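Here is the structure we will look at.
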2 protein chains.
Amino acid sequence: MPKAANTGKKAAKPAKQTTAKATADFTPEAGRRVTSYDVARYAGVSQSAVSRCFKEGGSVSPKTRDKIMKAVRKLGYQPNAIARGLITRRSNMVAVIIANLRFYPETLAYLTSGLNASGNHVLLFSLDHESEVDRIIDQIWQYGVDGVIAGAHLSKKQIELFDQRKIPLVFINRLYRDIAANSVCCDQVEGERILVDRLVAAGHRSFAVVTGPSDSVVSQQRISGAVERLADLGINDVRVIEGEYDYDSGRRALRELADGAGGLPQAVVCANDMMAIGCMDEARHQLGLRVPEDLSVVGFDGVMQAAWSSYDLVTVRQPMQNMVEAAVSMLLSRIERPDLAPEKRMFSGEIVEGCSARLGTSR
Amino acid sequence: MPKAANTGKKAAKPAKQTTAKATADFTPEAGRRVTSYDVARYAGVSQSAVSRCFKEGGSVSPKTRDKIMKAVRKLGYQPNAIARGLITRRSNMVAVIIANLRFYPETLAYLTSGLNASGNHVLLFSLDHESEVDRIIDQIWQYGVDGVIAGAHLSKKQIELFDQRKIPLVFINRLYRDIAANSVCCDQVEGERILVDRLVAAGHRSFAVVTGPSDSVVSQQRISGAVERLADLGINDVRVIEGEYDYDSGRRALRELADGAGGLPQAVVCANDMMAIGCMDEARHQLGLRVPEDLSVVGFDGVMQAAWSSYDLVTVRQPMQNMVEAAVSMLLSRIERPDLAPEKRMFSGEIVEGCSARLGTSR
DNA sequence: TTGTAGGCGTTATCAA
DNA sequence: TTGATAACGCCTACAA
């Protein structure tokens with residue numbers, strides 16, 4: 001009988017027989033999870049030995065390790081990550097807050113694989129509207145995540161909360177001008193300016209813009225980028241229609257434009273691709289217009305649907321995979337070294353020269 | 001000075017002054033999380049009193065509760081869900097395993113909101129291919145989730161593992177004929193049979209099917225549903241092309257059909273909408289065909305893009321929101337009552353009568 | 001109603 | 001290299 005048999009807190013019931021490896025004696029009660037104590041008892045070592053076996057560079061003799069690992073396999077032991085996290089203060093969980101989940105599914109796919117690759121797990125919080133953040137911020141805190149990646153807008157106060165609690169936070173595509181927050185962005189303004197330049201270079205003179213929801217900061221940046229550049233170029237008569245980021249609101253926006261005083265503009269600049277696609281469908285199939293001959297439509301994002309040949313949308317493709325990788329790596333390094341200074345990384349978007357708009361050469 | 005001040009494990013450092021509420025004495029060291037001990041010290045009560053305050057129906061006098069809650073707010077205390085889970089054996093986390101995340105984003109959106117509504121959280125595991133399950137199954141186990149929702153295929157052995165460990169598991173859209181596993185499905189076979197019936201009723205006689213990846217069970221069910229019904233109706237000459245569920249493979253499939261011996265069939269049945277959309281674009285924009293006049297195309301799923309007026313796809317809409325709600329409720333009841341018998345729930349899909357195929361009236 | 005004390009399953013420390 | 005033993009932060013009898 002292993003000498004450390006009664007190391008466990010619950011004293012093992014007296015062995016019925018002295019046969020070594022009488023497994024019945026070591027099998028934990030049904031339904032209970034196998035713990036390191038069970039393994040220790042089975043292998044005839046102390047619980048700490050078992051623990052060390054699962055630690056990088058833990059000092060165990062080959063012989064002991066062998067005995068233990070045999071018991072581990074036999075009993076199907078897996079260390080309890082929750083208990084481990086309690087003492088190491090590392091849960092290996094990262095909270096992902098993401099708004100508009102249904103529009104940007106690949107973002108999340110890249111995030112999970114990027115985080116999984118480094119042994120981290122994703123605790124997902126999705127928002128239908130960017131305003132529900134407060135509700136979930138406490139939850140995040142309660143679960144003791146190691147870090148947070150946010151694809152949603154947080155208030156200054158909320159950001160400071162994470163800062164105080166020393167939980168690293170990295171934003172994707174949310175840029176805070178005067179707050180020292182980590183972020184990885186696509187340059188929304190630059191992208192829109194180039195789009196507008198090229199539309200104007202092609203001769204467009206009357207414009208409309210379709211915004212996202214009013215609480216979307218990304219939409220605000222994109223739209224103001226476009227509008228300000230248009231103003232620079234002497235075009236001030238720009239109709240603004242508010243959308244909801246989705247296909248239907250794109251259609252609705254175009255209908256509104258068509259019905260409104262002044263009629264349709266020559267070009268419609270949409271805050272995202274989904275709405276641009278809606279505009280195109282409304283123009284072509286409802287109003288019988290040709291795109292781009294009668295109307296130019298541009299979007300932003302570079303979602304996969306934009307490349308479908310029914311649309312072939314002119315848009316700005318955000319290098320989302322690069323951005324996500326950058327965000328993950330920023331977060332991981334800040335989990336390792338909490339003293340790293342806040343950093344903002346900005347990627348340029350790539351103009352996708354589709355056929356949904358007439359484009360000139362800028363300059 | 002509160003009398004229970006040294007209830008905490010680390011004895012409070014001797015107070016510098018006797019002033020009541022000299023907050024300095026109760027403030028935890030910087031960077032450390034506020035614990036229930038900190039609150040207890042600050043409020044001058046025992047730690048268990050604090051704990052009871054956060055428990056439904058915990059007995060605390062109004063006066064004490066008031067004192068405690070004041071301290072809670074002051075110190076910004078939040079119970080540590082990890083530590084709580086260790087003892088209650090309830091993490092309030094549900095693992096979500098989902099394949100093909102980028103094709104079915106709304107599934108996940110519904111899932112998170114459904115689970116959040118009941119105070120549960122989503123630990124997300126995404127798969128690019130259904131074959132990577134083994135890798136993550138241990139992880140799930142380590143995190144002690146209360147249950148699992150799977151939108152991916154698991155082997156019989158893997159399912160039994162969850163059963164042994166008494167972790168409730170509910171599948172979405174994966175049906176296991178001879179295994180007692182919980183599942184919520186859309187009837188893939190029924191949907192395909194009706195589609196095929198109506199295509200045949202409209203006079204189509206030559207068919208091709210485009211499958212999903214070979215490891216996708218859903219694809220197998222859909223395709224065999226269609227092929228078997230065609231055989232029943234006396235149509236045995238059906239070309240089968242393997243796709244990858246995405247747009248490009250749909251285009252590729254149609255090109256293959258067009259290039260292959262025998263030329264194009266009259267109707268193409270695709271295992272999902274994305275590929276059907278690819279087929280339509282290839283037919284119209286590459287081959288100059290009219291859909292549905294020259295070629296009928298049908299899909300399956302009812303994704304939002306299928307309804308876009310450029311496609312107006314004939315498809316089977318899965319009542320995904322209902323399905324997800326059913327899955328969540330099945331899971332939650334099994335977390336409460338682990339003895340509930342395994343159950344399979346099957347929803348009918350709804351034929352969406354778009355314009356991408358000529359349809360007859362069945363029977 | 002309140003406080004004491006023990007335990008959840010791990011890791012960390014330290015003496016042997 | 002090993003094994004006691006003390007945390008980690010919380011919940012829960014049980015006793016007061």
Side-chain angles (χ1 to χ4, degrees), chain A residues 2-11 28-29 32-41 43-68 72 75 77-92 141-144, chain B residues 2-11 28-29 32-41 43-68 72 75 77-92 141-144:
Chain A
K3 29 182 182 192
N6 33 9
T7 293
K9 299 182 179 177
K10 300 182 177 174
E29 305 103 73
R32 229 187 84 250
R33 247 190 106 127
V34 179
T35 74
S36 51
Y37 274 101
D38 298 320
V39 174
R41 249 187 14 243
V45 298
S46 77
Q47 181 273 339
S48 357
V50 178
S51 176
R52 279 194 295 266
C53 265
F54 284 84
K55 185 190 165 158
E56 199 84 40
S59 78
V60 255
S61 70
K63 220 177 71 182
T64 312
R65 156 163 277 133
D66 196 58
K67 252 193 314 189
I68 293 176
V72 163
L75 300 181
Y77 169 74
Q78 295 274 102
N80 179 331
I82 296 297
R84 167 186 291 160
L86 195 55
I87 186 140
T88 59
R89 281 121 190 286
R90 280 285 272 277
S91 62
N92 290 318
W141 179 236
Q142 294 192 1
Y143 274 88
Chain B
K3 25 181 182 188
N6 31 12
T7 292
K9 299 183 180 179
K10 301 184 178 172
E29 305 101 73
R32 229 188 85 250
R33 250 188 103 125
V34 179
T35 74
S36 53
Y37 276 100
D38 298 320
V39 175
R41 255 196 359 253
V45 298
S46 77
Q47 181 273 336
S48 44
V50 178
S51 177
R52 279 194 292 266
C53 263
F54 284 84
K55 185 191 164 155
E56 200 84 42
S59 77
V60 257
S61 70
K63 219 176 72 184
T64 312
R65 155 163 277 129
D66 196 58
K67 255 195 310 192
I68 293 177
V72 163
L75 300 180
Y77 168 75
Q78 296 275 103
N80 180 330
I82 296 297
R84 166 185 293 163
L86 195 55
I87 188 148
T88 59
R89 282 119 188 289
R90 279 284 273 275
S91 62
N92 290 319
W141 179 237
Q142 294 191 0
Y143 275 88

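This is a predicted model, so every value here is computed, not measured. Here is how names work: the chains are called A, B, and so on, in the same order as the sequence lines, proteins then strands, and each is numbered from 1.
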Practice task
Ignoring hydrogens and angles, tell me if any N or O in the side chain of Arg84(B) forms a donor-acceptor pair with the backbone of Pro79(B) under 3.5 Å.
Solution key: no
Exercise for the section: Kindly say whether Gly144(A) contributes a backbone atom to a donor-acceptor pair with the side chain of Ser91(A) at under 3.5 angstrom? Expected result: yes
Problem - Closest nucleotide among dC10(D), dC8(C), dT11(C) to the Leu86(B) side chain - result: dC8(C)
Practice task
Provide, to the nearest angstrom, the distance between the CG atom belonging to Asp66(B) and the P atom belonging to dT2(C).
Solution key: 12 Å
Practice task
Name the nucleic acid region contacted by Ser61(A), choosing base, sugar-phosphate or nothing; use a 4.0 angstrom heavy-atom cut-off, strictly under.
Solution key: sugar-phosphate
Exercise for the section: Answer yes or no: does a side-chain N or O of Lys55(B) lie under 4.0 Å from OP1 or OP2 of dT12(D)? Expected result: yes
Handout entry: Within-4.5 Å side-chain heavy-atom neighbours: Tyr77(B) and Arg33(B)
Key = no
Handout entry: Interatomic distance, Asn80(B) CG vs dC8(C) C1' [rounded to whole Å]
Key = 13 Å
Problem - Residue-phosphate contact under 4.0 Å: Ser46(B) side-chain N/O, dG3(C) OP1/OP2 - result: yes
Exercise for the section: Mind calculating the distance between CD (Glu56(A)) and P (dT11(C)) to the nearest angstrom? Expected result: 13 Å
Problem - Out of dG3(C), dT11(C), dT2(C), whichever nucleotide has its closest atom nearest the side chain of Ile87(A) - result: dT11(C)
Completion exercise
Atom CD of Gln47(B) and atom P of dG6(C) are separated, to the nearest Å, by 15 Å
Problem - Electrostatic pair Asp38(B):Arg41(B) at N-O distance under 4.0 angstrom - result: yes
Practice task
In whole angstrom, give the distance that lies between atom CZ of Phe54(B) and atom P of dC11(D).
Solution key: 9 Å
Problem - Residue mapping more 5' on DNA chain C - nearest nucleotide basis, Lys63(B) or Gln78(A) - result: Lys63(B)
Problem - Contact under 4.0 Å: Ser36(B) side-chain N or O vs dC10(D) OP1/OP2 - result: yes
Handout entry: Donor + acceptor pair across side chains of Ser61(B), Thr64(B) (<3.5 Å)
Key = yes
Exercise for the section: Would you indicate, yes or no, if dG9(C) has its OP1 or OP2 atom less than 4.0 angstrom from a side-chain nitrogen or oxygen of Thr35(A)? Expected result: no
Handout entry: Closest nucleotide among dT10(C), dT11(C), dC11(D) to the Tyr77(A) side chain
Key = dT10(C)
Exercise for the section: Among dT13(C), dC10(D), dA12(C), find the nucleotide with the atom closest to the side chain of Thr88(A). Expected result: dA12(C)
Practice task
Check the distance between dG7(C)'s P and Arg33(A)'s CZ and give it to me in whole angstrom.
Solution key: 20 Å
Handout entry: Option passing side-chain contact (heavy atoms from CB on, under 4.5 Å) with Val50(B) (candidates Val60(B), Val39(B), Thr35(B))
Key = Val39(B)
Exercise for the section: Look at the side-chain N and O atoms of Ser51(A) and state whether any lies under 4.0 Å from the OP1 or OP2 oxygen of dA12(C). Expected result: no
Handout entry: Quiz item: Arg89(A) side-chain donor-acceptor pair to dG9(D) base, under 3.5 Å
Key = no
Practice task
Name the residue closer to the 5' end of DNA chain D, choosing between Ser48(A) and Pro62(A) according to the nucleotide with the nearest heavy atom.
Solution key: Pro62(A)
Exercise for the section: Could you state the atom-to-atom distance from OH of Tyr37(B) to C1' of dT4(C) in whole Å? Expected result: 10 Å
Completion exercise
Here the distance between atom P of dC10(D) and atom CG of Asn92(B), to the nearest Å, is 15 Å
Completion exercise
Of the candidates dA4(D), dT2(C), dT11(C), the side chain of Arg84(A) sits closest to dT11(C)
